[in-house]
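Okay, structure first, notes after.
Sequence positions, counted from 1, serve as the residue numbers for this chain.
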Amino acid sequence: MANEQNLKMFGKDKPLLSLEEAVKQGKKGGEASGKAGAEEKTTREIAKMLDGLAVTGNNKELLEQLGVQADDQTQQTVRLVALHKKAMSGDVAAIKLWLEIIGEAPTSSVKIETIDATREAYEKAVAAIKGKKQ
């Protein structure tokens, strides 16, 4: 049997384990955790799975009435039709998003100009500080 100096605590109120046994138990837990994490689907993966579902019911009828080809009848198309409808009703947020999607959203730009006087004042201040420290 190992002496007390070779034993490590394995959690509160748990029996003492040898270092080798603690490492073995930790490895086992890490493997189980990794396996569980790998089995969990990410939100993106679930969203992509939902996008792949067939369009049915009223949504299918709506797309057919709009003349959307069978190959284009997807969940994404249904969402875009709904967004387009909101944009057409005057919903500003929907209009903005629609324009972003189609690449026609206005861009914002900031123009920064340096003023010579500001630059000159900065350089004088730097020179003055350097002069005092010398």
Side-chain angles (χ1 to χ4, degrees):
M1 183 144 177
N3 65 34
E4 292 293 321
Q5 294 172 351
N6 293 332
L7 298 177
K8 304 288 181 186
M9 288 295 291
F10 184 65
K12 289 186 177 181
D13 303 324
K14 301 275 182 173
L16 295 176
L17 295 176
S18 68
L19 181 58
E20 293 80 19
E21 185 63 26
V23 168
K24 183 178 171 183
Q25 293 294 330
K27 185 176 178 182
K28 214 165 148 181
E31 288 172 355
S33 174
K35 184 178 177 186
E39 290 173 358
E40 291 179 11
K41 290 189 185 258
T42 65
T43 301
R44 179 177 289 180
E45 290 170 328
I46 293 169
K48 286 182 178 184
M49 180 269 303
L50 291 173
D51 270 345
L53 296 177
V55 178
T56 60
N58 292 340
N59 289 331
K60 186 166 183 64
E61 291 174 21
L62 172 65
L63 295 180
E64 287 172 355
Q65 288 173 359
L66 291 172
V68 175
Q69 300 293 320
D71 290 351
D72 293 330
Q73 293 182 10
T74 64
Q75 297 294 331
Q76 184 177 23
T77 305
V78 172
R79 284 195 312 278
L80 288 171
V81 167
L83 176 63
H84 186 259
K85 184 176 179 180
K86 283 187 86 165
M88 296 302 289
S89 73
D91 184 313
V92 176
I95 293 168
K96 191 173 182 180
L97 179 56
W98 185 263
L99 291 173
E100 286 177 20
I101 290 170
I102 64 172
E104 294 186 17
T107 58
S108 299
S109 63
V110 177
K111 186 175 181 181
I112 300 174
E113 294 181 23
T114 59
I115 300 172
D116 290 335
T118 304
R119 182 69 186 175
E120 187 179 320
Y122 169 77
E123 289 172 358
K124 283 182 182 178
V126 169
I129 291 170
K130 286 182 178 178
K132 287 183 180 178
K133 288 185 177 180
Q134 291 178 352

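Using a 4.5 Å cut-off between side-chain heavy atoms of Ile, Leu, Val, Met, Phe, Trp and Tyr, with links allowed through other members, Met88 and Val81 fall into different hydrophobic clusters. Neither Val78 nor Leu53 shares a network with the other; the hydrophobic side chains, linked directly or stepwise wherever heavy atoms of I, L, V, M, F, W or Y lie under 4.5 Å apart, form separate groups for each.
The structure places CD of Gln69 at 11.5 Å from OG1 of Thr77, a figure rounded to the nearest 0.5 Å. Note: Leu80 CG to Gln75 CD = 11.5 Å, rounded to the nearest 0.5 Å. Atoms NZ and CG, on Lys48 and Leu50 in that order, are 13.0 Å from each other to the nearest 0.5 Å. Interatomic distance, CG of Asp72 versus OG1 of Thr74, reported as 7.0 Å (0.5 Å rounding). With rounding to the nearest 0.5 Å, the separation of CD1 in Ile95 from NZ in Lys86 is 11.0 Å. Rounded to the nearest 0.5 Å, atoms CD (Gln76) and CZ (Arg79) are 5.5 Å apart.
Under the 3.5 Å distance criterion, the side-chain polar atoms of Gln73 are matched with a main-chain donor or acceptor of Val68.
Side-chain contact between Val126 and Lys130 is present, with heavy atoms from C-beta onward closer than 4.5 Å. You'll find the side chain of Asp91 stays beyond 4.5 Å of the side chain of Leu83, heavy atoms only. The shortest side-chain heavy-atom distance between Leu99 and Lys96 does not fall under the 4.5 Å cut-off.
Qualifying side chain to side chain contact (heavy atoms under 4.5 Å, CB included) partners for Thr43, counting only residues two or more places apart in sequence or in other chains: none.
Taking a 6.0 Å sphere around CD of Glu100, one finds it holds more than 12 heavy atoms contributed by other residues, nucleotides or ligands.
The two residues Ala94 and Ala87 come nearest to each other via the heavy atoms CB-N, 3.7 Å.
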